[in-house]
Amino acid sequence: MPRPEVRIVTFSIDGREVQAPEGVMLVDGAKHGDVEIPVFCYEPKLGQPVGACRMCLVEIEGIPKLQTACSTPVKDGMVVHTQTTRVREAQNSVVEFLLVNHPLDCPVCDKGGECPLQDITFGWGRGISRMVEPKRHFKKPLELSPLIAIDRERCILCYRCVRFSQEVSEDYQLILHERGAQSYVGTFDSHPYVAPFSGNIIELCPVGALTSRPYRFRARPWDIEGAGTVCTLCPSQCNVELTVRDERVLRVLGRDHADVDDGWLCDKGRFAYQAIHSEERIVEPLVRDGDQLRPASWERALSAAASALGKARGSVGALAGGTTTNEEAFLLQRLVREGLGSADVDSRIDGSPMPLELQRALAAPALGATVPDIEFAHTVLVLGTEPVDDAPILDLRIRKGVRRRGVQLAVATPRPSSLDRNAKLWLRYAPGAEHAFLAALEAALGASGDVDRLCAVADADPKAVRALADLLGEDGRGDVVILWGERVGAAALPALLNVAGRLGLAEREGAGLLEVPASANGRGLREAGMQPNAGPGLSEVAAAGRSAQQIAAAAADGELAALYLLHTDPIRDGADAPLWRRALARASTVIAHSAFLTDELREHATVVFPAESYAEKEGTVTHPDGRLQRLRPGIGHPGSVRAEWSVLAELERAVSVRVPQGDTNGHSSPLTGPMATRQLVEAVPFYAGLTLEEIGGRGVRWQERAAAEAFPAGPAGPFDVGEPTPVASPHGALRLGTFRSIWAAPEVEHAPALKFLARSATLEVSPADAERLGIENGDRVRVGNDDRSVEARAAIRGNAPAGTVFLDAGLPAGGASELVDGTPVSVDRAGVEVTA
Amino acid sequence: MSVARYDHGSRIPGWDDAVDLSKDPASIPDPALTPVPAELRQQIEAAMARYPDFRSAAIPALHAAQELHGWCSPEAIEQVACVMRLTPAYLTAVVGFYDMFESKPVGRNTVYVCTNISCSLRGARELHAAVQQAAGDDPDFNVRAFECLGACDIAPMASVNGAYVGPLELSDAERIVEQLRAGEDVLPEKQLLRRKVADPRASTDAPALFDDEDRA
Amino acid sequence: MSELLLFKDIDEPGLASREVYERRGGYESLKRALRMPREEVLQNLLDSGLRGRGGAGFAMGKKASFLPKGTMDKYLVCNADESEPGTFKDRELMQKSPHMLVEGMIIAAYAADANRSFIYIRGEYQQQAEILERAIEEARSAGYLGERILGSDHSLSLVLHRGAGAYICGEETGLLDSLEGKRGNPRLKPPFPANQGLYQGPTLINNVETLATVPHIIRLGGQEYAKLGTETSTGTKLVSVSGNVQRPGNYEIELGIPAREIIFGLAGGPERGRDVKFWFPGGSSSPVLTPAELDLPYDFDSMAKAGSMLGSGAIIVVDDSQSVVDVALTLAKFYRHESCGKCTPCREGTNWTVKMLQRVESGEATPMDLDIIASVQEQIMGNCLCVLGDAMAMPVASMVSKFRDEFEAHIETRRAQLGLGEPTEPTPLEAVGVGS
Ligand SMILES: Cc1cc2nc3c(=O)[nH]c(=O)nc-3n(C[C@H](O)[C@H](O)[C@H](O)COP(=O)(O)O)c2cc1C
Ligand code: SF4
Ligand code: FES
């Protein structure tokens with residue numbers, strides 16, 4: 001769908017000629033003439049204006065009644081007055097009405113000082129009250145959820161919060177009860193309002209009615225400072241503003257970026273800041289001393305690490321994930337490759353490496369879709385990812401596209417998706433069957449291949465696959481965006497590229513592919529060279545190293561002496577926890593950058609460097625759509641935490657990476673953060689010339705810069721799809737699918753406010769299987785395959801496909817990675833033997 | 001000067017309620033975990049089929065659920081939510097908006113006494129008090145003062161389980177309650193459906209509206 | 001007085017059945033209309049000058065002509081919410097002659113080229129809903145509803161939808177939200193329902209009486225119908241008379257006859273020994289008129305000129321035994337109860353007005369509070385999202401201004417009863433020197 005073109009119109013406001021884009025609402029248009037019209041209920045992010053609060057009444061010549069400026073689009077030649085007596089009186093009246101029942105408890109209100117109601121009362125109120133009747137009184141504050149408090153006395157019933165819940169996040173949990181002057185905000189039968197995006201209502205509330213429980217009474221607006229940066233807890237990389245007081249992050253707010261987050265945050269991004277100041281956080285280097293890790297000076301820690309790594313030269317495997325910046329990844333791979341003589345670096349901790357030519361084909365600038373493309377596409381296909389878990393903010397963007405712009409949504413996933421309800425078409429295939437599914441889709445789009453046979457291999461409904469092909473292939477009807485999850489696996493990629501080719505995605509401006517990487521800076525890490533088969537800038541490497549999985553196997557077999565873990569816990573993030581446990585136990589050296597100790601680190605780490613939180617970091621990250629964004633330190637380092645780029649640079653120096661000192665071509669280890677960025681940019685041809693200034697506060701997509709020409713083009717398709725391996729069709733046993741919840745993250749477990757959301761193993765079972773196995777909802781069950789098993793709580797899901805169960809991944813222990821991937825499982829009621 | 005406290009409404013049920021943090025968030029009930037009586041399910045599905053957008057069936061579905069459960073209990077709402085694939089909150093918002101939906105358990109016999117303007121000009125408030133008194137605290141009764149019921153011609157009036165009766169005398173209060181208890185037809189002679197139009201010219205023996213030549 | 005149209009056979013036994021209705025000439029207008037091109041039917045409606053009987057008095061034909069042309073689904077919605085206090089005419093029509101409404105709807109839908117229709121009936125009208133449901137079923141089985149009605153190119157579905165008790169659902173956009181299964185909050189206008197109404201589609205909304213008049217217009221011809229009544233208030237109108245009169249009930253009158261004739265001639269006036277103190281000419285939302293205005297012609301324009309409105313045609317008579325304070329408070333409470341709460345001036349204004357009137361009633365107010373009451377009504381009027389706020393503000397303001405003496409006397413008497421003594425006027429607020 002082409003984005004609407006903007007025409008500029010001229011209208012008059014308070015006697016001034018003002019130009020504004022046609023169709024914008026008068027309140028926004030007025031700003032072009034520096035006229036402020038007060039609003040409460042108006043918030044364009046929430047969709048169509050509702051015109052409820054009546055604060056924005058203005059006089060428009062030719063219309064007898066006052067009009068709401070929030071809902072009246074500007075038109076050429078319109079003559080508007082905002083300063084007449086009539087308008088003044090209307091504004092005064094609305095303020096008076098809003099205050100008749102307001103408690104005016106500003107001195108003890110969290111919103112005081114940053115409250116639109118205060119500001120508007122000051123600017124447009126009459127300044128007196130004529131109300132002598134008793135006001136409405138409510139008990140206050142009350143819990144609305146573990147995260148949000150509600151003070152109903154202060155509520156001005158502007159509807160923003162309920163509109164958010166109903167029309168943006170679509171969880172539809174928050175409602176208005178009753179009617180008229182008795183209306184109040186609440187939930188069904190006193191259930192808490194818990195949903196992935198609930199915290200946004202705190203920011204939306206124009207008064208102090210909805211407040212953050214973790215932030216309540218922590219600061220007043222005049223003691224705090226705002227610091228803009230980027231949240232790196234997931235690939236959405238939302239732009240945030242940290243509220244800082246005394247070097248502590250007290251709050252995280254959105255920093256509206258229409259091309260990234262659309263102004264929203266998920267609750268992990270909003271509340272996990274508490275983990276930064278967790279008591280359990282590691283804030284000084286730890287060095288192994290016998291069977292103990294002990295605090296040590298930086299000198300000792302660095303030299304211990306350097307000497308251990310030096311000894312392991314040629315036998316080092318390194319992984320980076322989590323909040324690792326581009327610079328850190330670049331330095332780490334250089335350290336390992338050039339300093340330690342090993343090619344074993346990877347950032348796909350639970351994946352398999354992707355052939356370089358496929359990567360290049362996939363990352364081709366013409367094929368890349370942007371975040372806003374999701375909203376303006378004709379059709380969006382969500383493939384093998386659950387956005388709300390994997391990149392939450394994209395979930396909202398998809399919903400917005402469907403709801404407000406008529407995007408047709410298709411969902412193809414093994415596990416039922418929360419987007420199914422919004423989808424024009426959804427279909428299921430067996431876990432791990434992306435290869436077969438995409439081959440079938442390609443065939444349904446007209447390629448050679450037997451749709452029915454391939455569908456049988458994928459365990460997908462051929463009718464649905466054909467319908468999907470029809471939906472995507474509708475010729476000339478518009479742009480298709482495919483949002484695909486990295487976890488679909490390398491084998492599926494040729495078929496994905498062929499589908500993209502058949503749909504002509506590269507030829508259309510608003511169409512393309514958008515990958516959801518498994519880790520927050522997945523794209524940046526790869527482009528910085530953190531993969532076994534590619535160096536910085538997706539360059540060829542002389543000899544490919546080991547992938548993450550191979551590193552684990554090699555270490556477990558004693559073929560690798562040292563492991564270097566930058567912001568990743570492979571037990572949690574990897575595909576095979578038992579293997580990683582063996583690898584960590586067997587490796588003679590384990591160097592980790594980590595914010596928290598895990599059991600394995602406690603037992604096996606040689607040196608643990610305290611990791612920075614993103615709030616302390618300096619550097620860049622690359623958004624899944626190629627936007628380089630800048631992290632800026634909002635607070636100083638706690639304890640003796642140091643910048644991690646500098647730790648890596650120190651190690652480079654210590655193991656004397658063989659680069660001539662003082663060579664300005666980026667070949668000396670950096671001495672400052674910007675210098676690290678410069679070296680990265682010099683090493684990645686398609687980042688060439690980028691500066692931190694250019695990236696600025698809004699970021700820049702490298703595809704949109706001239707240097708993009710230097711991108712190493714991949715081969716043109718079609719690609720050889722190969723023969724998909726059939727997924728296991730178990731007899732009596734069940735297929736295992738996995739998912740990683742948005743809450744399966746260390747930051748959640750270490751933020752007191754979010755702890756209640758921390759995941760424990762849950763097994764989703766279809767009603768048919770549950771009945772067959774004699775399982776009731778909530779039962780403890782044992783899930784196992786081969787000789788491995790974990791305990792989980794059974795959750796019966798009416799829409800789960802029979803024959804497949806889904807188990808939590810991403811847990812610190814006891815999750816899906818304890819089991820053997822791709823092998824059928826049996827499920828027993830713990831203690832009770834149930835024959836399958 | 002003493003300031004009397006009027007019914008200024010600081011004690012509306014719900015206003016002072018916090019949520020119960022031990023509960024799970026209320027999303028759309030899972031059909032696998034929410035048993036719905038077959039007849040209710042069928043009524044709701046039939047209602048949904050009547051409209052271009054299934055959500056239009058919210059009010060009919062809630063009427064049916066209230067009929068079955070006696071009030072819009074959380075359980076009733078969950079059942080409707082499950083069949084309609086809506087969140088229970090959606091339906092709760094609807095329930096709270098409309099006067100005829102009960103959000104607390106009530107007696108089966110519903111008596112709405114109109115106390116709006118035309119009826120109150122003819123003694124409705126006293127009538128309401130009388131009916132309330134007659135019903136006493138019998139849990140089978142749900143006596144409510146109601147806004148204008150659209151029958152001011154029989155003021156003061158009441159709607160007794162949906163049947164309109166009036167004009168009522170204070171003495172009718174007892175009879176209404178007794179007849180309801182006995183399961184009898186309530187005040188047959190005062191039922192609106194049996195009443196003629198007031199306009200004296202609306203006679204029944206006037207000639208047909210159409211002349212014969214007008215017919216096709 | 002001219003012949004009756006709507007009430008002609010209204011008490012005929014069994015009229016609610018198709019058989020009797022047809023015997024009385026029912027559905028002949030439909031047949032006639034379907035033989036005409038759509039445009040001609042619409043022209044008849046335009047010619048008839050019929051103004052909406054639901055309250056706003058907007059020309060029905062004109063509204064029908066606003067619907068865009070095209071093949072999209074278009075909707076006709078009959079507003080049978082009838083909740084305006086004092087109004088009970090639609091109920092009479094639906095319960096006694098449901099087919100008249102059904103027939104009118106089929107014709108109106110034909111004129112507006114609507115293919116789906118709904119009757120939104122207030123939930124309290126349970127018995128009427130049952131009667132209507134039967135009539136719709138009968139009409140359907142007779143082929144008056146469904147695909148290609150009577151062999152024409154007109155198709156129409158009709159669904160009866162019961163509300164659940166909310167006055168605001170009579171407001172046309174609140175009705176639409178309610179019919180869509182939501183809380184019945186009015187919508188911002190524009191867009192108007194004719195362009196974006198039910199399910200975002202073009203929608204014509206009319207009152208029961210308006211639609212029930214349509215068959216008569218077709219029978220008489222639009223121009224002929226327009227000869228009834230006055231030039232700008234054509235036709236006959238059902239008037240619901242209630243309150244302090246001897247024969248409350250519905251009367252069909254030709255628009256333009258003196259109000260006195262209705263209140264006294266037809267409804268018998270107040271009980272012997274009582275006089276009219278004031279009267280609402282068009283439901284409880286209309287500003288009250290005094291006995292001096294009883295001789296005005298009862299039509300849209302005359303009522304408007306007198307500062308009130310004909311509204312739904314519901315006359316409520318209040319005699320001199322009643323207290324104006326009590327009437328004002330009863331009404332204000334009603335509107336407070338019915339305010340949907342969406343917009344500020346209505347939600348807060350109705351609530352505050354009730355509180356102030358309660359103080360007046362109990363004697364704790366001072367005459368200055370009457371000024372505040374009046375000023376709050378001013379602040380409500382014209383500033384709300386829909387006109388429910390105005391519906392309270394207008395009659396309350398009219399009572400306070402026309403019966404100020406009685407309000408003051410009431411305060412004084414009550415104060416004396418409470419032993420509060422003379423009210424002391426507080427310092428005028430302007431003197432405090434704050435604000436603008
Ligand atoms: C608060 C309010 C309540 C209303 N109630 C009704 C009603 O009960 N019945 C009705 O026909 N119109 C009612 N109306 C008028 C409708 O909004 C609308 O004007 C009418 O249904 C249009 O039909 P008509 O043109 O045939 O009169 C109400 C309006 C308002 C503002
Ligand atoms: S709680 Fe806040 S956002 Fe919600 S309706 Fe009240 S004032 Fe508006
Ligand atoms: S901002 Fe326009 S009505 Fe609320």
Side-chain angles (χ1 to χ4, degrees), chain A residues 101 132-146 148-150 152-153 162 165-166 170-196 198 418 421 756 765-768 770-771 776-778 795-800, chain B residues 1 3-36 54-55 58 72-78 80-101 103-104 147:
Chain A
N101 276 303
V132 300
E133 284 76 18
K135 297 192 178 205
R136 292 194 303 228
H137 286 295
F138 297 75
K139 228 200 257 163
K140 55 190 257 181
L142 299 165
E143 286 152 347
L144 187 63
S145 82
I148 305 168
I150 183 165
R152 295 198 172 108
E153 275 185 4
V162 295
S165 162
Q166 298 171 4
E170 299 182 353
D171 55 67
Y172 224 116
Q173 290 186 36
L174 203 61
I175 51 161
L176 278 180
H177 290 270
E178 301 298 322
R179 187 172 77 192
Q182 301 189 351
S183 312
Y184 66 95
V185 172
T187 57
F188 165 66
D189 193 30
S190 66
H191 288 258
Y193 178 40
V194 176
S198 70
S418 61
R421 273 169 58 79
F756 77 104
V765 192
S766 72
E771 201 184 331
E776 303 264 347
N777 194 46
I796 297 174
R797 295 285 146 86
N799 56 359
Chain B
M1 163 174 127
V3 179
R5 295 279 153 175
Y6 307 106
D7 56 335
H8 56 77
S10 63
R11 287 296 165 264
I12 296 301
W15 279 13
D16 293 346
D17 294 350
V19 298
D20 177 350
L21 292 182
S22 70
K23 290 186 179 177
D24 284 332
S27 44
I28 299 172
D30 196 308
L33 305 171
T34 317
V36 181
F54 72 94
R55 262 171 295 224
C72 289
S73 61
E75 188 193 4
I77 288 175
E78 273 172 349
V80 177
C82 180
V83 179
M84 292 192 72
R85 311 308 298 139
L86 294 167
T87 63
Y90 178 103
L91 294 161
T92 306
V94 173
V95 166
F97 194 86
Y98 298 96
D99 286 340
M100 292 175 74
F101 291 134
S103 41
K104 290 269 153 4
E147 298 302 354

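Computed from heavy atoms alone, side chains included, the values below leave out hydrogens, waters and symmetry copies. Nothing here was measured: the structure is a model prediction, and the numbers come from that model.
Scored by the ring-ring contact (aromatic ring centres under 6.0 Å, His included) test, A:Tyr172 finds B:Tyr90 as partners (sequence neighbours excluded). For the side chain to side chain donor-acceptor pair (under 3.5 Å) test, residues two or more places apart in sequence or in another chain that qualify with A:Ser198 are A:Asp267.
Here the closest non-hydrogen pair linking A:Ile796 and B:Leu33 is O-CD1, 3.7 Å. Summarising the geometry of B:Asp16 relative to A:Phe138, their closest heavy-atom pair is OD1-CA, 3.3 Å, with the distance given to 0.1 Å. Taking both residues in full, the closest heavy atoms of B:Ala18 and A:Ser190 are given as O-CB, 3.8 Å, listed atom of the first, atom of the second, then distance. The minimum heavy-atom distance linking B:Ala32 with A:Pro767 is given by the pair CB-CG, 3.5 Å. Between B:Val19 and A:Ser145, the shortest heavy-atom contact is CG2-N, 4.1 Å.
Residue contact with chain A, scored on non-hydrogen atoms closer than 4.5 Å, involves the backbone and the side chain of B:Asp20 alike. Proximity to chain B (any heavy atom under 4.5 Å) is shown, for A:Ala149, by neither the backbone nor the side chain. Within the 4.5 angstrom heavy-atom criterion, only side-chain atoms of B:Ile28, from C-beta onward, approach chain A. Contacts between B:Asp24 and chain A at a heavy-atom distance below 4.5 Å involve the backbone alone (N, CA, C, O).
To the nearest 0.5 Å, the span separating OG on B:Ser27 from CZ on A:Phe188 amounts to 11.0 Å. If you take CD on B:Glu78 and CG on A:Asp189, they are separated by 7.0 Å, rounding to the nearest 0.5 Å. Annotation: the span from B:Thr92 atom OG1 to A:Leu176 atom CG amounts to 12.0 Å, rounded to 0.5 Å. One distance of note links CD of A:Glu178 with CZ of B:Phe97; it measures 11.0 Å at 0.5 Å rounding.
The backbone N or O of B:Arg85 sits less than 3.5 Å from a side-chain atom of A:Arg421, completing a donor-acceptor pair. A donor-acceptor contact shorter than 3.5 Å links the side chain of B:Trp15 to the backbone of A:Gln182. The closest donor-acceptor contact from the side chain of A:Arg152 to the backbone of B:Asp17 lies under 3.5 Å. The main-chain N or O of B:Pro25 is never found under 3.5 Å from a side-chain atom of A:His191 such that the two would form a donor-acceptor pair.
With chain B as partner, the option from A:Val185, A:Val162, A:Leu144 having the largest number of non-hydrogen pairs under 4.5 angstrom is A:Leu144. Note on A:Glu153, A:Glu143, A:Lys140, A:Glu776: by heavy-atom pairs under 4.5 Å with chain B, the leading option is A:Glu143.
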